[in-house]
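Chain letters run A, B, ... following the sequence lines, proteins first and then strands; every chain starts at 1.
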Amino acid sequence: MEISELSLDERLISVLKERGVRRLFPPQAEAVRAGIFEGRHVLLCTATASGKSLLAEVASVKTALEGGMALYAVPLKALAYEKLVHFSHYGNLVKVGVSTGDFDSDDRRLYEYDVVVVTYEKLDSLLRHRPGWLSSVKTVVIDEIHYLGDPKRGAVLESIIAKIKHLGLRAQFIGLSATVGNATEVADWLGARLVVSSWRPVPLREGVYYGGRIYFSDGSHRAVSASGDAEVALAVDVVAEGGQALVFTNSRSSTARLAKAIARAIAAYPTKLINVAETEALAEEILRVSSSKIIGRELAEVVARGVAFHNAGLELEVRRLVEDGFRRGVIKVVVSTTTLAAGVNLPARRVVIADYERFDPVVGREEIPVLEYKQMAGRAGRPGLDAVGEAVIVARSKNEVGYLMERYIKGQVENIKSHILLEPNLRTHVLGAVGGGYAGSIDELVEFFSNTLGYFQSKIAVKSAVLRSKIAAAVEKLAEWGFLERDGDYVYATELGRQVARLYLDPETAARYIDFIKSLKEGNTAAYLYIVLTAPDFPRVRRGRVDKRVVEEVLKALDVEEDEEFEDVVKTVAMLMAWIEEADEDVIFEKFEVAPGDLRVYIDLFDWLGNAAAKLAGIIGEEEHRRRLEVVTARVIYGVREELLELVTTLRGVGRVRARTLYNFGYRTVRDIARASIREIASLPGFGEKLAKSIIEQARQLVETS
DNA sequence: GCTAACTAGAGCAGGTGCTTTGCAC
DNA sequence: CCTGCTCTAGTTAGC
């Protein structure tokens, strides 16, 4: 099907032509025939890079040109920014905004945009606020909709869809999914036409590696020329042929270990495989950007030889450098954990799945799902660069070869199974529905939840009675916590309940926070940190000892049992104490075995949960605790003692280190800086002329306006 | 015959990722 | 539950 045959706005067609799109891929054509441009609900279940997101973009732009609004929901913040860039290709045809937890085009002004890109949770949160512009939404795109099967985030997706259905919007749903077992069922639930296709722009060969050979699914096999461990051989082999490799492993430490081994092999290879000038430039940049000297050096060392590792321990900036370096072809091999499996699109000629098992704290070793294997394998083959993509699983014994072939390569992808009717998901979304005004009685809650996939999938004859009793139990629990009130069949959210829903807190966590705050005997920093950190999905540090001083402080303020959980939390408290007492980052990384990327996660989570706890304290009338929780939270966000907060919060270009320098040299307030000369500031360590000028200007402006 | 260097074996630690607030007018 | 690292003891090579 040719682009020009489509009944689309001419301006849209010419943009597509400019982008080099002439004719549609087969699955795209099928989606058009299914009515994706006529406002029909469509579920697209096709391979990565088969062009499904192009269709969703075009449908969104088309809606915009017709005066409607489109919402585009993605699972990751990184994907939201990637989407924003894609939409920028449509120039001034559409105004596109982004709304995610940490970057907002001002929420109250979202109505000014034609297309709004959001993360799932952010969209759910927006829907709880019910802004007026919702009524102009005509297209809702849900990217990676197979997340419906995720134990937690799937429930968020269901809740979003149930809310939109409840609002009665005449909006078109477009679901984009990886291949799943029960696509038909999901499409039926959505009331969508299903487009399934395994067509790919670059063909894919899948195989299993053992003993120097790749055994392909078509019965053929080939020898791998390079020697060494499986991962090393497979990577070097493809690089020697001018391709790139993406290696997936199951632990952070093995990403670094394998990257080093591969880097050694590449350096020792008889012919030159990399452009040293380029790799060394990139290595230098990584060293500069990385906030940890130790990890920065470790990564830079392999990058200089054209190899990188990639995991959530790395800061986002560093990860972006690695991804970009790989895309540009400077880096030939990336060894990664699942960070790269689901995130931004980063194809390679050969994908190596080094471990098909992963550790689970309950079960022990566990095989990864077929869906996850297919997602990784789908990364093989760069359009335009590779004639064929290759996905290879590493077998550890001869008889695993056949097993892996059946289980993964020829295996059936799992079904998507809803989790929304299970606790704690159900009560979270019950509170969300009541707090957001989507239901005001048990009956209405039953109606609301009968729009979910969970209800659609329950096969019991008396399912609505079962649903009702589950909902009643959830309401009971929420009432016990003081978030809901019952009056016969009617259900109301209390002020507290509404806030918990708006803050997007797990009700159980909120209840615990409130209990703790009420029972505080005194307010001290350690105790505030302790309370916030008790949220179950807060990560815990792995190393570090139980600091006596911290334990004492916490116990002075709170009656808690000194069990194992307590110790884990206290160790994490000690880490954050070190951070807000301005310990050197590398010292923290080493002492507590946290990586730079982890620290960012702690800070982000604390930003959200610390402020939420403060707000809860305010609602229950604990003003003093509210104020002090806010201070502690601000200190965690910036990693400083209280005395530096003024400088660090008001001046751009001043972080914890520079603020400390300024303070120690006697510039303790914005006022002090406004009075200083450029020369004085520029002579301080860590400051240059340009920076000095900028902060003095900022300071003077602040002093004037106050 | 001594030292240094390497190897084998036992014992033990450790083992992914990700999202979520509200601020005026 | 298994891998991979560390530590130790024992062996071997070299002078």
Polar-atom pairs under 3.5 Å, protein N or O versus N or O of nucleotides 12-14 of chain B: list them with distances, or write none.
none

Practice task
Give a yes/no on whether any side-chain N or O of K152(A) is located under 4.0 angstrom from OP1 or OP2 of dT20(B).
Solution key: no
Exercise for the section: Write down the distance between CZ (R319(A)) and P (dT16(B)), rounded to a whole number of angstrom. Expected result: 13 Å
Practice task
Classify the side chain of T338(A) and the base of dT16(B) as holding, or not holding, a donor-acceptor pair under 3.5 Å.
Solution key: yes
Report, one pair per line, the protein and nucleotides 3-6 of chain C atoms (nitrogen or oxygen only) whose separation is under 3.5 Å.
residue	atom	partner	partner atom	Å
dG4(C)	OP1	R257(A)	NH2	3.4
dC5(C)	OP1	R257(A)	NE	3.1

Fill in the blank from the handout: Those residues at least two apart in sequence (or on a different chain) that pass salt bridge (Lys or Arg N to Asp or Glu O under 4.0 Å) with E423(A) are R427(A)
Handout entry: Residue pairs involving residues 594-633 of chain A (criterion ring-ring contact (aromatic ring centres under 6.0 Å, His included); sequence neighbours excluded)
Key = Y528(A)-H625(A)
Completion exercise
In DNA chain B, stems of three or more consecutive pairs, Watson-Crick or G-U, each with both distances under 3.5 Å, turn out to be B:1-15 with C:1-15
Any N/O pairs under 3.5 Å between the protein and nucleotides 6-9 of chain B? List them or say none.
none

Fill in the blank from the handout: Judged by nearest nucleotide, the residue sitting upstream toward the 5' end of DNA chain B, Y120(A) or R358(A), is R358(A)
Handout entry: S125(A) side-chain N/O to dT21(B) phosphate OP1/OP2 under 4.0 Å
Key = yes
Exercise for the section: Ignoring backbone atoms, test whether K77(A) places a side-chain nitrogen or oxygen under 4.0 Å from the OP1 or OP2 oxygen of dT20(B). Expected result: yes
Problem - Distance-only donor-acceptor check, side chains S418(A) and E158(A), under 3.5 Å - result: yes
